[in-house]
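Have a look at the structure below before the remarks.
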Amino acid sequence: MNLRDYPRRKYAIDQFTQPHVTELEGEKFHFVMDNGYDYYLHFTGEEDVEWHWNDDEPKHATYLCLKGDDTTYLVSYELDEFLNRHDREEHFWIIDLEQRLVTFCRCKVGENPKFPYLVSSKYVFGAIDVPGMPLPLKRHVFTTDLLGTRVQWHWNTGMITQHSYYTSSFYRITMPAATYGTTDRGGHMFQEMPATDEIAQYIKIKDNLYLFSLVEENMERKLYDRNPPYRSNDMKFLQNYDRMYHVGRTFGNVKEGGFESDSTKILPCHIRFGAFGYKPDLPEIFLNANNPYAP
């Protein structure tokens, strides 16, 4: 079970999700990464990709692809050798054709022995090698540009979340009173937490296009023994503030049946999402509440 197939449709996140983008089919890329390694991608089909580091043998995967703007792609795929295993691994890319830049993130489930569903995320920046052209010196970078930004994201006609990007290491989420956040079991899950703040990173891709990334880590640590409906997930949002929408994907785990089930079975979750946004008015008591996780 995942939110895309959620039985209570007003909580599903698929209505405004961008279709899988196939226009990279046939393209080959050579990425020169700042960690000293070269990475090669060959999009061999509408959903199939070959990848390898340096001179290693190519490996195959099935990818998801979305567009943040006309020249910037979000690409995500799990490594085939980790499928159906507990210690799953995913490679995530922002491919910026306009500036010939890339952001890479290696996401891994199963590295923490005490909290095996936690997702770790490690970023590396780099550039796209094009024969006959010098490598760009510019890079995508971690940024504080979004600090103070408040956005109300509409996932469908009834599902709304409100974000506050108030520090460079965390974000805060709430729901309008008219949605599920204050009235049912979704709200109760948050009410068991000291705060809804979660660990976050902010990366500037270009003007008004940002990668916002969060990991549901505090919730997993606090509610681990309670078997919550959502386990630790890494959620990455490629946010376009010119067009006021975001596209993204979530990688992690979810309890079978969500809120409606007492099942203890944990299922892998790796799906696309999307939403449209506008700036909301949020109460000062919410915006200025202390962050219990920060020193």
Side-chain angles (χ1 to χ4, degrees), residues 4 13-14 17-35 37-54 56 58-83 88-109 119-130 136 139-140 201 203-206 209-215 233-240 245-252 268-275:
R4 187 178 58 194
I13 62 172
D14 62 331
T17 301
Q18 188 183 100
H20 169 71
V21 174
T22 62
E23 59 195 52
L24 290 179
E25 181 180 4
E27 296 291 336
K28 296 182 179 181
F29 293 100
H30 172 197
F31 301 144
V32 180
M33 307 306 296
D34 291 347
N35 62 358
Y37 290 87
D38 288 5
Y39 196 107
Y40 297 86
L41 278 183
H42 178 196
F43 292 90
T44 56
E46 293 186 349
E47 297 181 343
D48 302 315
V49 65
E50 289 184 351
W51 66 274
H52 64 97
W53 292 102
N54 291 345
D56 295 344
K59 299 180 180 180
H60 301 270
T62 300
Y63 70 93
L64 308 176
C65 183
L66 301 166
K67 294 181 72 171
D69 65 14
D70 294 339
T71 58
T72 308
Y73 298 84
L74 179 158
V75 175
S76 170
Y77 48 89
E78 292 196 53
L79 308 193
D80 281 354
E81 63 264 39
F82 288 90
L83 291 178
R88 297 157 55 216
E89 181 173 332
E90 181 226 39
H91 287 184
F92 175 93
W93 294 93
I94 299 296
I95 302 174
D96 175 1
L97 298 184
E98 179 183 1
Q99 302 180 103
R100 293 196 291 122
L101 300 178
V102 292
T103 290
F104 170 73
C105 188
R106 171 191 172 272
C107 300
K108 188 75 181 292
V109 177
V119 184
S120 66
S121 298
K122 299 178 181 178
Y123 285 94
V124 182
F125 300 108
I128 303 174
D129 182 57
V130 176
R139 290 292 185 269
H140 299 154
Q201 297 86 33
I203 296 172
K204 184 173 184 178
I205 304 302
K206 61 182 73 169
L209 187 67
Y210 295 88
L211 177 63
F212 165 63
S213 176
L214 70 95
V215 178
N233 278 271
D234 177 283
M235 303 183 72
K236 300 195 186 300
F237 307 68
L238 186 54
Q239 299 181 332
N240 187 320
Y245 72 83
H246 71 222
V247 298
R249 71 91 186 95
T250 180
F251 172 74
C269 183
H270 186 204
I271 60 172
R272 296 174 287 115
F273 58 69

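These numbers come from a predicted model, not from an experiment.
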* Asked: Are the side chain of Asp234 and the backbone of Phe251 linked by a donor-acceptor contact shorter than 3.5 Å?
  -> no
* Structure fact -> By side-chain hydrogen bond (donor to acceptor under 3.5 Å, both in side chains), Asp38 pairs with (sequence neighbours left out) His30
* **Side-chain heavy atoms of Leu97 within contact of Thr72, under 4.5 Å** => no
* Do Arg272 side-chain atoms and Thr17 backbone N/O form a donor-acceptor pair below 3.5 Å? -> no
* Residue among Thr103, Leu209, Leu238 satisfying side-chain contact (heavy atoms from CB on, under 4.5 Å) with Ile203 -> Thr103
* Structure fact -> Sequence neighbours excluded, the answer for ring-ring contact (aromatic ring centres under 6.0 Å, His included) partners of Phe43 is Tyr63
* Please identify each residue that fulfils side-chain hydrogen bond (donor to acceptor under 3.5 Å, both in side chains) with Gln99, with sequence neighbours left out. => Asp96, Lys138
* To do: Give the minimum heavy-atom separation between Tyr73 and Val21, together with the two atoms involved.
  => CE2-CG1, 4.1 Å
* Straight-line distance of Ser121 OG to Lys108 NZ, nearest 0.5 Å -> 12.5 Å
* To do: Measure the CD-NZ distance between Glu90 and Lys236 for me, rounded to the nearest 0.5 Å.
  => 7.5 Å
* Structure fact -> dist Trp51:CH2 -> Asp80:CG (nearest 0.5 Å) comes out at 9.0 Å
* To do: Find the distance between CG (Leu214) and CG (Asn233) and round it off to the nearest 0.5 Å.
  => 9.0 Å
* Taking His270 for the side chain and Ser76 for the main chain, is one N or O donor matched with an acceptor at less than 3.5 Å? -> no
* Counting N and O atoms only, with roles assigned by atom type, does the side chain of Arg88 sit under 3.5 Å from a partner on the main chain of Gly252, one being a donor and the other an acceptor? -> yes
* **Partners meeting side-chain hydrogen bond (donor to acceptor under 3.5 Å, both in side chains) with Tyr245 (sequence neighbours left out)** => none
* Atom CD in Glu25, atom SG in Cys65: separation rounded to 0.5 Å? -> 11.5 Å
* Contacts of Asp34 that satisfy salt bridge (charged side-chain N to carboxylate O under 4.0 Å, His left out) - sequence neighbours left out -> Arg139
* **Spacing of SG belonging to Cys105 relative to OH belonging to Tyr123, to within rounding of 0.5 Å** => 4.5 Å
* To do: Please name all residues satisfying side chain to side chain contact (heavy atoms under 4.5 Å, CB included) with Glu50, sequence neighbours left out, ordered by chain then number.
  => His42, Thr44, Pro58, His60
* Asked: Are Phe31 and Phe29 an aromatic pair by the rule of ring centers under 6.0 Å?
  -> yes
* Mind checking what makes salt bridge (charged side-chain N to carboxylate O under 4.0 Å, His left out) contact with Arg106, not counting sequence neighbours? -> Glu89, Glu111
* Structure fact -> Applying side-chain hydrogen bond (donor to acceptor under 3.5 Å, both in side chains) to Trp93 and not counting sequence neighbours gives Tyr77
* Check side chain to side chain contact (heavy atoms under 4.5 Å, CB included) between Tyr37 and all other residues, then give those that pass, not counting sequence neighbours. => Asn35, Trp53, Asn54
* Do Asp48 and Thr62 pass the side chain to side chain contact (heavy atoms under 4.5 Å, CB included) test, and can you show the C-alpha distance, the side-chain angles, and the key distance before you say yes or no? -> CA-CA 5 Å; Asp48 302 315; Thr62 300; 4.2 Å; yes
* Tell me, please, which residues at least two apart from Glu98 pass salt bridge (charged side-chain N to carboxylate O under 4.0 Å, His left out). => Lys206
* Asked: For Phe104, which of Phe92, Tyr39, Phe125 qualifies under ring-ring contact (aromatic ring centres under 6.0 Å, His included)?
  -> Tyr39
* **Partner set under ring-ring contact (aromatic ring centres under 6.0 Å, His included) for His140, not counting sequence neighbours** => none
* To do: Quick one: list whatever passes salt bridge (charged side-chain N to carboxylate O under 4.0 Å, His left out) with Glu23, sequence neighbours left out.
  => Lys67
* Structure fact -> Correct closest heavy-atom pair for Asn240 and Gly68 would be ND2-O, 2.8 Å
